Each structure stands twice: as structure tokens, then as C-alpha cells.
There are 2 protein chains.
Amino acid sequence: MSEQEQVNQFITRCRAHRLNVTPQRLAIYKAVIGDKSHPNPETIFSKIKKENPTISLATVYKTLETFERNSIISLVTNLHDTLRYDARTDLHHHMICNVCKKVIDVYDNDLNRLAIPKSVTGNHKLLSFGVHFDIICSDCSSKN
Amino acid sequence: MSEQEQVNQFITRCRAHRLNVTPQRLAIYKAVIGDKSHPNPETIFSKIKKENPTISLATVYKTLETFERNSIISLVTNLHDTLRYDARTDLHHHMICNVCKKVIDVYDNDLNRLAIPKSVTGNHKLLSFGVHFDIICSDCSSKN
DNA sequence: CTAGGTGCAAAGCATTTGCCTCACT
DNA sequence: AGTGAGGCAAATGCTTTGCACCTAG
């Protein structure tokens, strides 16, 4: 996709979510799609500051949060807010409630045996893996 | 496993890693294995404060970090330090380097089609899922 | 005895908030 | 015109650090 097409798609998506298209938002969006390293807000901020010297870090935070809430971009993990420990160190998996952030263990032998892609083992040393399921848990569902 | 057996196993593991067994460490360990909710340090601290009124939150942080480094307990995610955004919102997976915290996308149709356990869909609303591979990336491997 | 662990307080940072001003539609 | 967005600075809250004292081995 050309940059112009990406920009047009971005504008369409913003309109669909009733989000104003501003130069700051466009710069932030371009910076995210142009960075395959899964950057944090500070990194995005540094990249666009050159072209937008007056932009503020708080705007970057607010904008990324807005994009995420509207599914324009995504978070690598939604457990970034605090350290979460697990008594189990053996292979297992997790469900994470997107509302209350509850974590529930999943034990499943088929998941334990999933086929590891060559792109993983080909170049890197694999330590372990796990599947995470983003859910809305039964408690949170029934509350609404 | 009885509580006595768990305590014995804990002592064995500490010895194996040259970690002193202290009342604080034992209390923290018991609190973690007795809590299936994947608690954070603050929660652990609150639970053991009743029995150990002089314990400090900093000790809980240090101890959990020590346990994790020695594989006595584990972290639910090792991307808790900062928000990490992803330009892609379609189904894909991630490798995370445990050393440099780099995140690398993994696209794999077999992973996209993995069998979702009944324990997930039976009670909860599934929003999405993903596989994460904990790795030591080629860059970090070659540096050592 | 002594290396390692604890507790306290202060420091460090990532993130959020309040509020006023400004700009998009 | 009016609502939504941006910028700045202060506040918040989780986590780490430094250091003096203590304790397990």
C-alpha cells in the first residue's frame, strides 16, 4: 500500500469513528505504521518531534490510547499496568479479561504441542511459549 | 501437595539457587502459590502484612524478582514495563526477546487456526487470541 | 563470622489528569 | 459556533535504589 493509500485509509477510519483528523494524529499514525519494532509512546514522540516540534508527549499518549480504543492500532499486551506473577512455571496458557484484567489459567495438551513456526526456531533461541486468549469473562459479561 | 511438602520443596529450591530461606521469603512464596489470581506485588504485600506486620513492600518487590530470576515463579508477561503498540490489528503472533525486549511479528496460518479449548469458549466471550514466543533473539545471542 | 537479606525513605519514571487555549467540521 | 483536540505542568502511582542494620547458614 502506498503512503497516500495508507493516509486515505486512515482518514476513512477516523471518519468512521467520529475522530477529527489532525496533523498530530496523522503524524502519530504514520510513525506507528512505519515502525515494525512495536514502539512505545516515548519512541513515537521522539520520531515525530523533528517534524512537529510543538507536539507534546501527553498528546502522543492520549492519541495512541484513542487509536487503540477504536481498533485502529493494537496493544502488544494489555497487562502492562502492573507486574503479575504466576506460581506455576510449567507450560500453560492464559485467558485475560479485557474488562477486569483477571488472568485465568488454561491447561490444554493440544496447545502445548502446537507446531512452532520455522521463523521462530530458525534464527532465535526459543525459551518457551504460551497462548493468550483475550476474553470478556463471565463475571464482567453478566454485569452488563 | 500438603503445605509441609510445599515448604520442603521451597527450601530445596532455595538451596539449589543459593538463596537464604527467610521468614519473609517463605511468607511471600506461600502467598503466591495460594493465590490463583496471578497477583501483583501490592496484593501479595497486603495478604502477608497481617502475619508479618514489619515486612516492607520493597522486600516483596525484590523477593518476587529474585524468585522469577531463579524460575521459582514466573511472570505472566515480560512486557509490563511500558506500553507497546502494534500497527497491525489483524490476527498475528509475537516473539519477545527476553534480553532486549524486542518484539517481532509472526505470521502463521496454522497458529491462526489453532483449536480453542472448551474451557475458553464455554464460559467466556472470546475477543481474540495470540501466541507469544519467549526467545533470545539472534542479535542478543551473538553478543554473548 | 560474613555474605546476603530486610526495612525505610527517597528517588525515578512511565503514565494520567486538569485546565485553558486552539482548531477542525 | 460548538465540540473535540492539543499543549503544558502538575500529580499520580508503580517500581527501584541506597544505605544502615540484621540474620541465616
Side-chain angles (χ1 to χ4, degrees), chain A residues 7 10-32 38-70 72-73 75-85 101, chain B residues 7-8 10-29 31 38-46 48-70 72-73 75-85 101:
Chain A
V7 168
F10 173 69
I11 293 171
T12 305
R13 288 206 205 175
C14 284
R15 296 259 160 80
H17 293 286
R18 322 270 132 110
L19 300 175
N20 287 349
V21 178
T22 66
Q24 290 90 337
R25 286 184 170 171
L26 189 52
I28 292 167
Y29 183 72
K30 280 194 203 169
V32 176
H38 305 73
N40 60 15
E42 182 73 42
T43 305
I44 297 291
F45 176 66
S46 310
K47 294 204 177 186
I48 58 188
K49 207 177 184 175
K50 296 157 199 161
E51 320 270 314
N52 304 59
T54 68
I55 202 167
S56 125
L57 182 55
T59 299
V60 175
Y61 271 94
K62 287 173 188 167
T63 302
L64 289 170
E65 202 274 332
T66 302
F67 287 171
E68 200 274 326
R69 193 158 22 79
N70 288 282
I72 293 173
I73 61 176
L75 272 168
V76 178
T77 173
N78 44 33
L79 291 175
H80 46 80
D81 43 327
T82 182
L83 288 162
R84 298 287 294 265
Y85 286 98
K101 301 294 165 71
Chain B
V7 169
N8 290 339
F10 174 69
I11 292 171
T12 306
R13 289 208 205 176
C14 284
R15 296 259 160 80
H17 294 286
R18 323 270 130 108
L19 300 176
N20 287 350
V21 178
T22 66
Q24 291 89 337
R25 285 183 170 173
L26 189 52
I28 292 166
Y29 182 73
H38 307 72
N40 61 15
E42 182 74 42
T43 305
I44 298 291
F45 176 66
S46 310
I48 58 188
K49 207 177 186 175
K50 297 157 199 163
E51 320 270 312
N52 304 60
T54 68
I55 202 168
S56 123
L57 182 56
T59 299
V60 176
Y61 271 94
K62 287 172 188 166
T63 302
L64 289 170
E65 202 274 335
T66 301
F67 287 170
E68 199 274 327
R69 193 158 22 79
N70 288 282
I72 293 173
I73 61 176
L75 273 167
V76 178
T77 173
N78 45 34
L79 290 176
H80 46 80
D81 43 328
T82 182
L83 289 161
R84 298 286 294 264
Y85 286 97
K101 302 294 165 70

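As the structure is a prediction and not an experimental result, all values here were calculated from the model. Note on naming: letters A, B, ... go to the chains in the order of the sequence lines (proteins, then strands), and numbering restarts at 1 for each one. All heavy atoms count here, side chains included; hydrogens, waters and symmetry mates do not.
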Select one nucleotide: of [options], the one nearest the side-chain heavy atoms of [X].
X       : options               : result
A:Thr63 : C:dA9, D:dG6, C:dG5   : D:dG6
B:Arg15 : D:dG25, C:dT15, C:dT6 : D:dG25
A:Thr82 : D:dC14, D:dG6, C:dG5  : D:dC14
B:Val21 : D:dG25, C:dC8, D:dC8  : D:dG25

DNA chain D: B:Glu42 or B:Leu19, which has the more 5' nearest nucleotide?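 Result: B:Glu42.
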Rounded off to whole Å, could you give me the CZ-to-C1' distance for the A:Arg84 and D:dT15 pair?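 Atom CZ in A:Arg84 sits about 16 Å away from atom C1' in D:dT15.
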Tell me, which of residues 47-55 of chain A have any heavy atom that sits under 4.0 Å from an atom in DNA chain D?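 Within residues 47-55 of chain A, the residues near DNA chain D are A:Thr54, A:Ile55.
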Assuming nearest nucleotide by heavy-atom distance, tell me which of B:Asn20 and B:Leu83 is located more 5' along DNA chain C.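 Result of the comparison: B:Asn20.
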Take A:Pro41 and B:Thr22, find for each the nucleotide of DNA chain C with the closest heavy atom, and name the residue whose nucleotide sits nearer the 5' end.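 Result: B:Thr22.
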Contact summary for A:Ile48 and A:Ala31, nearest pair of heavy atoms: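 Closest pair (atom of A:Ile48, atom of A:Ala31, distance): CG2-CB, 3.7 Å.
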Using a 4.0 Å heavy-atom cut-off across all strands, classify B:Thr66 as base, sugar-phosphate, or nothing.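 Answer is nothing: B:Thr66 stays at 4.0 Å or more from every strand.
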Please determine whether any donor N or O and acceptor N or O are separated by less than 3.5 Å between the side chain of A:Lys62 and the base of D:dG4.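 Side chain to base: no pair below 3.5 Å.
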